[in-house]
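Here is the structure we will look at.
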Amino acid sequence: MTSSGSPDRAGGRPAPEAPAISELGAGIQLTDVGRAFGPTVAVQGVSLTVPQHGHLAIIGPSGCGKSTLLNLISGLDDPDEGSIDVLGATGSADRLRRCAWMPQRDLLLPWRDVLGNAALALENQGMRRKAARIQVSGLVERFGLGSFERKLPHQLSGGMRQRVSFLRTLVAGKEVLLLDEPFGALDSITRADLQQWLRSALQSEPRTTVLVTHDVEEALLLGSQVIVMSARPGRVAAHYDTDFPAGASRRELLRLPEFTELRDELLARLEEAS
Ligand SMILES: Nc1ncnc2c1ncn2[C@@H]1O[C@H](COP(=O)(O)OP(=O)(O)OP(=O)(O)O)[C@@H](O)[C@H]1O
Ligand SMILES: [Mg+2]
């Protein structure tokens, strides 16, 4: 941002051309992407660029196509119109290989315990089961799941299942992280703790990240850029680059006048878009 948070793409003004990846370092680039499901146009004319190690946060009303966009980027789905480039990969199978995707609803395997589910991505990459369990067990504590390591998904709360799913996504070690409402089912204290943790983790171990959230503060805390999508068909209604002090804690950021100013502006944009 421009800490004052002026939109560069909003309010009917002509949208600037998305800059080419070659200018920014390979990241994620969507060009005029559209996807319809029968008569339902989920997203239309979406162009955006996330530079390598950039963090895009997407906010928008329910049903505006946020999850659809993540699925398209991940390679689980293909657009009807336009093109998608993820670190130079344009085909869906190649995009899939570069992305770790955390779905909006956790897809834990019911017969695997917490450690087994968290370790799944590592095993899929060829690591032996025992080594994978050991590797994730260090993080399980950090995610507040220490005493639940051996529990099965049906023995966990919704928030715990979400944390296991988030952990599994992180340990996959992919260059691109796609997170669909990763903290949606968490209580506010755990949510604040994990937001702070993810902010620091992305600074110390940078990954190109796309985060979908309903929470404007979360978008600003975790996004180096934030887009607001319009109601269906989902289009980019506004686009902000953020530039808050990297070393500031969550608590410090929430008190910064430029943070609260931009939060209020985003809330107003969101209201307009709904
Ligand atoms: N596989 C599908 N088949 C049919 N319609 C779909 C499919 N996936 C998405 N849609 C429709 O596309 C639109 C966008 O859905 P999407 O799940 O992307 O919205 P969203 O912004 O993620 O919503 P929410 O905030 O509620 O999660 C909705 O109208 C939805 O019903
Ligand atoms: Mg969704």
query = Hey, is CD on Gln203 packed in by over 12 heavy atoms from elsewhere, all under 6.0 Å?
reply =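 More than 12 within 6.0 Å, yes.
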task = State the CG-CG distance between Leu222 and Leu56, to the nearest 0.5 angstrom.
result =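 CG of Leu56 is found 12.0 Å from CG of Leu222.
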message = To the nearest 0.5 Å, what is the distance between CD on Gln135 and OG on Ser137?
response =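 Spacing of CD (Gln135) from OG (Ser137) equals 9.0 Å.
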ask   = Tell me, do Met160 and Gln155 make a side-chain contact under 4.5 Å, heavy atoms counted?
value =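 Of all side-chain heavy-atom pairs linking Gln155 with Met160, none is under 4.5 Å.
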query = Within a strict 4.5 Å, meaning less than it, do heavy atoms of the Pro103 and Leu70 side chains meet?
reply =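 No, every pair of side-chain atoms sits at 4.5 Å or beyond.
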Taking [Y] as the starting point, is it possible to reach [X] by hopping between hydrophobic residues whose side chains are less than 4.5 Å apart?
X: Leu152; Y: Val164; answer: no
X: Ile73; Y: Leu107; answer: yes
X: Leu109; Y: Leu170; answer: no
X: Trp197; Y: Leu221; answer: yes
X: Leu120; Y: Leu167; answer: no

Closest heavy-atom contact between [X] and [Y]?
X: Pro233; Y: Gln44; answer: CG-OE1, 3.7 Å
X: Ala100; Y: Ala172; answer: CB-CB, 4.0 Å
X: Val216; Y: Leu266; answer: CG1-CB, 3.7 Å
X: Pro110; Y: Pro153; answer: O-CD, 3.6 Å
X: Ala273; Y: Val228; answer: CB-CG1, 4.2 Å

When you measure from the side chain of [X] to the backbone of [Y], do you find a donor-acceptor pair of N or O atoms at a distance under 3.5 Å?
X: Asp80; Y: Ala36; result: yes
X: Thr208; Y: His53; result: yes
X: Lys66; Y: Gly60; result: yes
X: Ser74; Y: Leu76; result: yes
X: Lys174; Y: Trp101; result: no

Listing, residues 175-186 side-chain donor-acceptor contacts under 3.5 Å, not counting sequence neighbours, or none:
unit_1, atom_1, unit_2, atom_2, d
Asp180, OD2, Ser67, OG, 2.6
Glu181, OE2, His214, N, 2.8
Glu181, OE2, His214, ND1, 2.4

Before accepting this row, confirm whether a basic side-chain N of the pair [X]/[Y] lies closer than 4.0 Å to the acidic partner's carboxylate O.
X: Arg263; Y: Asp215; value: no
X: Arg112; Y: Glu123; value: yes
X: Asp77; Y: Arg95; value: no
X: Asp193; Y: Arg142; value: yes
X: Glu205; Y: Arg207; value: yes

message = If only side-chain N and O atoms count, and only distance matters, is there a donor-acceptor pair under 3.5 Å linking Glu218 with Thr213?
response =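 Yes, a side-chain donor-acceptor pair sits under 3.5 Å.
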task = Check the pair Thr68 / Asn71 against side chain to side chain donor-acceptor pair (under 3.5 Å), numbers first and verdict last.
result = CA-CA 5 Å; Thr68 301; Asn71 290 351; 5.7 Å; no
ask   = Please walk me through it: do Glu265 and Glu261 pass side-chain contact (heavy atoms from CB on, under 4.5 Å)?
value = CA-CA 6 Å; Glu265 174 153 352; Glu261 215 172 273; over 6 Å; no
message = Please evaluate residues Ile58 and Leu211 with respect to the criterion side-chain contact (heavy atoms from CB on, under 4.5 Å), reporting the C-alpha separation (whole Å), side-chain torsions for both, the decisive distance (0.1 Å), and the verdict.
response = CA-CA 6 Å; Ile58 302 177; Leu211 164 87; over 6 Å; no
request  = Report the C-alpha separation of Gln225 and His239 in whole Å, then their side-chain angles, then the decisive distance to 0.1 Å, and conclude whether the side chain to side chain donor-acceptor pair (under 3.5 Å) test is met.
outcome  = CA-CA 7 Å; Gln225 50 178 315; His239 177 190; 2.8 Å; yes
